[in-house]
Structures are given as structure tokens and as C-alpha cells.
Amino acid sequence: MRSMEMRVNTFNLVHTFQSAQPVTFFGSLDGNSGAVSYVSSGNPVRVTQLSPGIVRIESPDLEAAASDFRERFRMSDDMRRIYEDIAIDQFMRDAVRKYSGLRLTLNDPWETTVVFVLSQFNNIKRIRLITSRLIDRFGEESAHGVKSFPTPEALSRATIAELNECGMGFRSRYMKAVAGTCADGLDLGRYRGKDYAAVKGMLMELPGIGDKVADCIALMGYGKLEAFPIDTWVKRTLERLYFNGKSTGIKRLHESVSGKWGGMQGYAQLYLYHHGRIDGNEA
DNA sequence: ACCCAGGCGGGCG
DNA sequence: CGCCCGCATGGG
């Protein structure tokens with residue numbers, strides 16, 4: 001297990017890990033050391049933040065782990081400029097100050113699709129539970145002796161009954177269908193080069209993926225920063241902040257934020273979501 | 001016991 | 001179109 005240190009800027013590993021993004025559904029946080037562990041393409045990675053400006057990365061394949069870390073935690077984002085775009089009112093200034101260094105993550109499109117198919121009408125703890133069961137049961141052991149995320153082929157071969165045993169409930173038929181489509185030739189990775197509308201349109205043709213889940217995948221699996229997923233938490237927070245607490249339709253909410261944060265809607269959503277959820281919507 | 005969770009699909013008016 | 005309903009399951 002080799003190790004290296006890397007300089008980081010405006011990055012907070014724990015905040016990022018606690019923000020319920022795909023890597024947090026299959027990774028783990030050691031509460032004592034603050035170290036985050038995850039498996040990326042079969043390569044185990046362990047990251048520890050030594051100081052605000054330095055992280056230590058440990059992995060048997062250190063080169064892969066380091067470049068994966070930079071990509072997954074979006075190290076090339078200019079957070080100063082992003083904060084200028086999104087911290088335009090009191091709530092967002094509070095969110096940015098309190099969770100400074102919270103980053104969007106950029107995850108594998110297939111892995112992101114799986115966890116967000118699981119996310120509908122569900123809660124974060126249980127999404128993690130189901131994901132870990134999926135990896136245990138359908139993941140293959142990698143060269144480094146850890147289980148990697150199940151492939152589309154593996155999940156498409158699973159029976160509905162087997163998927164149900166992982167606790168998926170009514171989502172198992174969506175999972176089997178989506179895995180089947182991908183195993184059958186839909187290459188999710190190929191859409192990395194396409195624009196937001198193309199990515200979202202493709203995703204929404206898959207069963208079990210609607211407007212919100214497609215936006216989550218577009219944002220966290222494809223890095224489309226114009227995506228703005230509106231879940232129950234974001235909905236509540238937006239209504240409270242900008243609609244006097246009145247119940248407002250998703251469509252109006254989308255209209256109300258378009259162009260609001262200079263194209264950085266994805267980051268604005270992350271801070272709205274995290275601040276609204278963690279701080280109980282009372283701030 | 002009861003309620004809710006990073007919504008979606010289908011059916012109705 | 002918009003609205004409304006059911007939905008599997010585990011944790012608070």
C-alpha cells in the first residue's frame with residue numbers, strides 16, 4: 001500500500017463525503033480518522049485530509065488513485081469563482097461559509113445510474129444498505145482483492161427475486177431493465193461527450209428514471225453543471241426561501257432558478273440540498 | 001404503532 | 001397537460 005500527499009485548495013473531504021453523492025453510497029467514512037475509503041475500477045483508495053490544504057492518498061495503484069481522486073472530486077473546479085456565482089443571498093452565503101470545500105463529485109455513469117435508480121422513494125441509509133448488498137452479491141473480486149461495483153451484465157443476469165433479496169422492493173424491475181439495456185449495448189460512458197439535453201433525454205427513456213433522477217445522474221455521473229435536481233429537500237428549501245413557504249410545482253421551481261447562478265446550478269443545488277437537509281431547514 | 005424517505009409510472013379529468 | 005395515487009422496505 002503506497003502513499004502520497006497532494007495539495008488541495010478549498011476542499012473538505014468530510015463535508016463532501018457526508019453530502020450523499022454516489023461515492024458515498026459505496027464508500028465509507030472512518031469516524032475516528034476521518035479517512036474515506038472507496039473502490040474505483042477495482043482499485044481500493046483511501047483518502048485522509050491531513051490539513052485544509054493537504055490530503056494523503058493510499059492505494060496499491062497510486063497513479064490511478066491520484067488521477068481518479070482529482071477527477072472524482074473535481075479538483076480543477078475554481079471554487080472561488082463558483083462561490084461568487086452562487087453565494088448571492090443570505091442563505092447561500094451561510095451555506096458556502098459553513099460547508100466551504102464541499103465539492104460536487106464526478107462518478108462513473110453506470111454506478112451513478114444504479115444508485116439513483118435506487119434512490120426514488122427511499123432514504124440515504126437504505127440506498128447505502130442496498131448498494132452494499134449489490135456489491136457483495138454481484139460484484140467481482142478485483143486484482144487487488146476487493147469487490148468492485150457490479151457490471152451491467154452481472155445485474156442483468158440477476159433474477160428479480162435475487163434483486164429483491166437485496167431489499168430493492170419495487171425498484172428491482174427497473175434495475176433489471178436498465179441493466180439489460182446497458183448489457184445489450186447502451187454505452188452510458190459514450191454519452192460523456194454529449195450535452196446536457198442529450199444526456200438527460202437518453203436517461204429519461206430508461207424505466208425508473210424520471211426528471212429528478214435523470215438530473216442527478218447528469219450532474220454527478222456526467223458533470224453537467226446546468227442540471228438542477230429538485231428533491232423533497234430542495235423543494236422545501238426553495239419554497240421557504242423564495243416562495244414564502246407556499247407549495248410550488250416542480251416546473252415553476254425550475255423556472256425560478258434558471259440563470260440564477262450563472263450556469264452553476266449544480267453547485268447551487270448541492271449547497272441548497274446539504275445545508276437545507278443537515279441544518280433541518282431552519283436557518 | 002405510525003411516519004417518512006434525494007420519485008416514478010399509470011390512470012384519470 | 002396537471003393532479004393523484006400506489007408502491008417495498010428499513011429506520012426513527
Side-chain angles (χ1 to χ4, degrees), chain A residues 15-27 95 99 102-107 109 111-134 136-137 158-179 181 200-225 227-241 246-255 257 265-281:
Chain A
H15 287 162
T16 302
F17 194 81
Q18 288 173 339
S19 65
Q21 297 187 245
V23 62
T24 77
F25 291 115
F26 56 84
Y99 299 106
L102 167 61
R103 296 265 181 165
L104 275 173
T105 60
L106 178 58
N107 306 272
E111 296 176 3
T112 307
T113 299
V114 169
V115 298
F116 279 108
V117 165
L118 296 177
S119 76
Q120 73 160 90
F121 198 44
N122 210 343
N123 61 61
I124 289 166
K125 180 161 283 192
R126 226 170 70 81
I127 299 167
R128 278 211 193 91
L129 177 64
I130 299 168
T131 304
S132 70
R133 286 171 176 164
L134 275 182
D136 274 354
R137 180 147 184 175
T159 65
I160 295 286
E162 287 173 328
L163 295 176
N164 275 334
E165 286 167 19
C166 296
M168 273 191 224
F170 62 90
R171 306 168 195 83
S172 52
R173 62 192 185 89
Y174 299 144
M175 190 65 69
K176 185 159 175 66
V178 170
T181 301
K200 187 169 176 179
M202 175 275 293
L203 291 168
M204 285 188 66
E205 286 181 25
L206 299 171
I209 300 183
D211 182 75
K212 187 271 175 180
V213 166
D215 269 337
C216 283
I217 301 167
L219 182 60
M220 300 176 221
Y222 291 90
K224 304 303 179 189
L225 298 182
F228 189 81
I230 300 181
D231 61 42
T232 53
W233 295 104
V234 171
K235 184 174 192 294
R236 258 179 250 165
T237 304
L238 288 177
E239 287 167 350
R240 191 170 49 75
L241 288 178
K246 272 193 301 195
S247 175
T248 308
I250 300 289
K251 194 174 176 186
R252 262 194 85 190
L253 292 175
H254 267 124
E255 289 164 1
V257 303
Q265 290 134 130
Y267 261 106
Q269 191 271 359
L270 179 67
Y271 280 83
L272 272 173
Y273 171 77
H274 196 61
H275 189 30
R277 185 171 79 93
I278 298 297
D279 302 317
N281 249 359

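Per the geometry, CZ belonging to A:R171 stands 14 Å off C1' belonging to B:dG9, to the nearest Å. Protein atom CD1 of A:I160 is 13 Å distant from nucleotide atom P of C:dT9, rounded to whole Å. When rounded to the nearest whole Å, the span between CD of A:Q120 and P of C:dT9 equals 14 Å. Distance A:R128 CZ to B:dA5 C1': 14 Å, rounded to the nearest Å. Distance, A:Y174 OH to C:dA8 P: 9 Å, rounded to whole Å. At whole-Å resolution of the value, CZ in A:R126 and P in C:dG10 are 6 Å apart. Between the C1' atom of B:dC8 and the CG atom of A:L206 lies a distance of 13 Å, rounded to the nearest Å. In this structure, A:R277 places its CZ atom 13 Å from P of C:dG12, rounding to the nearest Å.
Side chain to side chain, A:T112 and A:N107 fail the donor-acceptor criterion of an N or O pair below 3.5 Å.
Nucleic acid contact for A:I130: none, since no nucleic acid atom lies under 4.0 Å from a heavy atom of the residue. Among the heavy atoms of the strands, none lies under 4.0 Å from A:M204. A:K125 comes within contact range of the sugar-phosphate backbone alone, with a heavy-atom separation under 4.0 Å but no base atom that close. Counting any heavy atom pair closer than 4.0 Å across all strands shown, A:T24 reaches no nucleic acid atom.
In this structure a side-chain-to-backbone donor-acceptor pair under 3.5 Å is missing from A:R173 to A:I160. Listed for the A:Q265 side chain is no donor-acceptor partner under 3.5 Å among the backbone atoms of A:F228.
For B:dG7, the OP1/OP2 oxygens have no side-chain nitrogen or oxygen of A:K235 closer than 4.0 Å. Between A:T232 and B:dG7 there is a side-chain polar atom (N or O) within less than 4.0 angstrom of OP1 or OP2. Residue A:R236 places at least one side-chain N or O under 4.0 Å from the OP1 or OP2 atom of B:dA5.
The aromatic rings of A:F121 and A:F170 sit tilted, their planes meeting at an angle between 30° and 60°.
C:dG10 and B:dG9 are spaced 23 Å apart, taking the C1' atom of each and rounding to whole Å. For the C1' atom pair drawn from C:dT9 and B:dG10, the interatomic distance equals 22 Å after rounding to whole Å.
The CG atom of A:N164 lies 11.5 Å from the NZ atom of A:K176; values are rounded to the nearest 0.5 Å.
Residue-nucleotide stacking is not present for A:F170 and C:dA8, judged by a side-chain ring centre under 5.5 Å from the six-membered base ring centre and planes under 30° apart.
Here B:dC8 is the nucleotide among B:dA5, B:dC8, C:dG2 with the atom lying nearest to any side-chain atom of A:V213.
Mapping A:G208 and A:I127 onto DNA chain B by nearest heavy atom places A:I127 at the nucleotide closer to the 5' end.
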